[in-house]
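Reviewing the structure listed below.
First listed ligand is number 1; within each ligand, the first listed atom is number 1. Scope of the values below: all heavy atoms of this structure, side chains included, with no hydrogens, waters or symmetry mates.
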Amino acid sequence: MTTTDTASVTALPPTVVVDHPLIQHKLTLMRRSRTPANEFRLLLREISMLLAYEVTRDMPLELTEIETPLVTMQAPILSGKKLCLVSVLRAGGGILEGMLEILPAARVGHVGLYRDPVSLQAVEYYLKLPRDISERTAIVLDPMLATGNSAAAAVDQVKAAGCQSIKFVCLIAAPEGLKVFHEAHPDVPVYTAAVDSHLNDHGYIVPGIGDAGDRIFGTK
Ligand code: URA
């Protein structure tokens, strides 16, 4: 794992690049344009499980007394805030699946956002968050942090619902998007498998993977 201070202002939170070899290998397979949708989905699910380990690394533990077949012992269990996974529709669903494998007890929220093709601004069309999200740590999921507008808008909604402990997980981030996101939400760390070179004129990440939603669902 590498932590990079991508923005020049040191007070901004870190971008955590999860550079585990398995993740990097699987991401390379995903990037290939000839990788079919079924393989792409499986790889995203596998990478998401690996990202789940990293994003939950700081979850607090407490000791509880249990009986093993041999003795009584003090054993660690998770304590503190419970989790809420927030999927940014529609591509966030690709990460959600893998995260839920590792975190089956998490609640799930959805934020529906599409990107206006001209302004590249995020437009909201759906919002459903658990009622008790303010008592949980939210992990917001969207594979591509491109302009940063959708990511920032999704986190706006999670904060508006009262949640104060938030992390953002993506597959690939663009430097431009990280800057926008960290400036909008300096309290929210970003976990990503890669920081790519730049955005093109259409707001796509280069080299990237293309349109994540289309590649997950085979819609192109
Ligand atoms: N959304 C995508 O699906 N891909 C990009 O490269 C940028 C935004």
Any sub-3.5 Å donor-acceptor pair from [X]'s side-chain atoms to [Y]'s backbone N or O?
X	Y	value
Ser134	Cys163	no
Arg215	Thr35	yes
Lys26	Glu46	no

Which residue supplies the protein heavy atom nearest to atom 5 (C) of ligand 1, what is that atom called, and how far is it?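 The closest one turns out to be Tyr204 CD2, 3.4 Å.
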All heavy atoms of Thr137 vs all of Ser165, minimum pair found to be OG1-OG, 2.9 Å
Leu44 vs Glu97 side-chain heavy atoms within contact, under 4.5 Å: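 No - every pair of side-chain heavy atoms lies 4.5 Å or more apart.
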Side chain proximity check, Leu96 to His110, heavy atoms < 4.5 angstrom: yes
Taking distance alone, with no angle check, do Gly203 and ligand 1 share an N/O pair under 3.5 Å? no
Got an N/O contact under 3.5 Å between Ala146 and ligand 1?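 It does not: no N or O of Ala146 is found under 3.5 Å from an N or O of ligand 1.
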Below 4.0 angstrom from a heavy atom of Gly210, which ligand 1 atoms are there? Numbered from 1 as shown, please. 2 (C), 3 (O), 4 (N), 5 (C), 6 (O)
Find all atoms of ligand 1 within a distance of less than 4.0 Å from any non-hydrogen atom belonging to Ile205, and give their numbers and elements.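 Every atom of ligand 1 under 4.0 Å from some heavy atom of Ile205: 5 (C), 6 (O), 7 (C).
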With a cutoff of 4.0 Å, is Ala174 in contact with ligand 1, counting heavy atoms of the residue only?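 No, Ala174 has no heavy atom closer than 4.0 Å to ligand 1.
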Mode of Ala212 contact toward ligand 1 - side chain, backbone, both, neither (heavy atoms, under 4.0 Å): both
